[in-house]
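As the structure lists them, so they are numbered: ligands from 1, and atoms in each ligand from 1.
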Amino acid sequence: MEHEDPQQPRTPLHVAIIMDGNGRWAAARGLPRTLGHRKGIEALRRTLDAARTLPISRLTLYSFSTENWRRPTSEVKELMRLLRFYLRSELAALHREGVRFQVIGDRKALPPDITTMIERAEDLTQDNQALTLTLALSYGGRQEITSAMRGLAKAVERGELRAEAIDEHVVRSFLWTGAAPDPDLVIRTSGEKRLSNFLLWQSAYAEFVFLDVLWPDFAGEHLAAALDEFWSRERRYGATHGCL
Ligand code: FPP
């Protein structure tokens, strides 16, 4: 039986989370869906606090998908309002905690005042190194890959790139995530077991952990349990590979 050495530092992980179940959390209490999203912001803060105590160097959170634009206008408005609230109320704390803040997604689709707030937050926190927090906003994996293909085609058209020179490395450099490392672990809450257009290219080798907890109830213990699951799988696979 293999035993972990508690003194042995773990390699810090990139954890990506599909934060799902706000609506169901609210419905179960007879509350409007938007209240579920509000509670979701609190879970976001708890998750970040927990991540800072765990070997996690990056957190990427699916906060608003390309498909979410199709929700009722009132819900989209409330999500944008919450995003403004989040950026306004959390930025100072994020900076103080050494968190680098980033956004991936189709920024042009976001309201201009939010884009400005995002740019300001990214500039302010760009040298922070404790943890990188990336919000995926107006994000879709297929849209990201399509945009990368368009960028590649334009570069070829301009004569800056030869088609033969396009390899995985070049494709990656055109993705919204740029040079960022791939997620090691993708967690989805609420019992759903789908990727829903999240980090399609980047999660090619990720481990997936699906939890039944609804996002507004997510807390440090859930994050820690997902990491334990990740490490237990890593140990098993290590043994298998050793036999090959
Ligand atoms: C899924 O719940 C959640 C989202 C639409 C995105 C996550 C949003 C938050 C955590 C709150 C807002 C955060 C920011 C930073 C703006 P759902 O509505 O799909 O739940 P359901 O599947 O139960 O209906």
Applying salt bridge (Lys or Arg N to Asp or Glu O under 4.0 Å) to R194 and E67, what does each step give before you reach the verdict? CA-CA 14 Å; R194 291 185 301 279; E67 291 75 22; over 6 Å; no
Verdict with reasoning, E78 to R38, per salt bridge (Lys or Arg N to Asp or Glu O under 4.0 Å): CA-CA 9 Å; E78 176 63 9; R38 245 180 258 183; 3.5 Å; yes
Is the backbone of A92 close enough, under 3.5 Å, to the side chain of H95 for a donor and an acceptor to pair up by distance? no
Give me the pairs of N or O atoms, one from ligand 1 and one from the protein, that sit under 3.5 Å apart.
residue  : atom   : partner : partner atom : Å
ligand 1 : 2 (O)  : N22     : N            : 3.3
ligand 1 : 18 (O) : R33     : NH2          : 2.7
ligand 1 : 18 (O) : R71     : NH1          : 2.8
ligand 1 : 19 (O) : D20     : OD1          : 3.3
ligand 1 : 19 (O) : R71     : NH2          : 2.8
ligand 1 : 20 (O) : G21     : N            : 3.4
ligand 1 : 20 (O) : N22     : N            : 3.2
ligand 1 : 20 (O) : G23     : N            : 3.0
ligand 1 : 22 (O) : D20     : OD1          : 3.0
ligand 1 : 22 (O) : R24     : NH2          : 3.0
ligand 1 : 23 (O) : G23     : N            : 3.3
ligand 1 : 23 (O) : R24     : N            : 2.7
ligand 1 : 23 (O) : R24     : NE           : 2.8
ligand 1 : 24 (O) : R33     : NH1          : 3.0
ligand 1 : 24 (O) : R33     : NH2          : 3.2

Quick one: does E207's side chain get under 4.5 Å of D184's, heavy atoms only?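 Contact flag for E207/D184 side chains = no.
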Between V209 and L227, is any pair of side-chain heavy atoms under 4.5 Å apart? no
Taking salt bridge (charged side-chain N to carboxylate O under 4.0 Å, His left out) as the test, write out the residues that go with D106, two or more places apart. K108
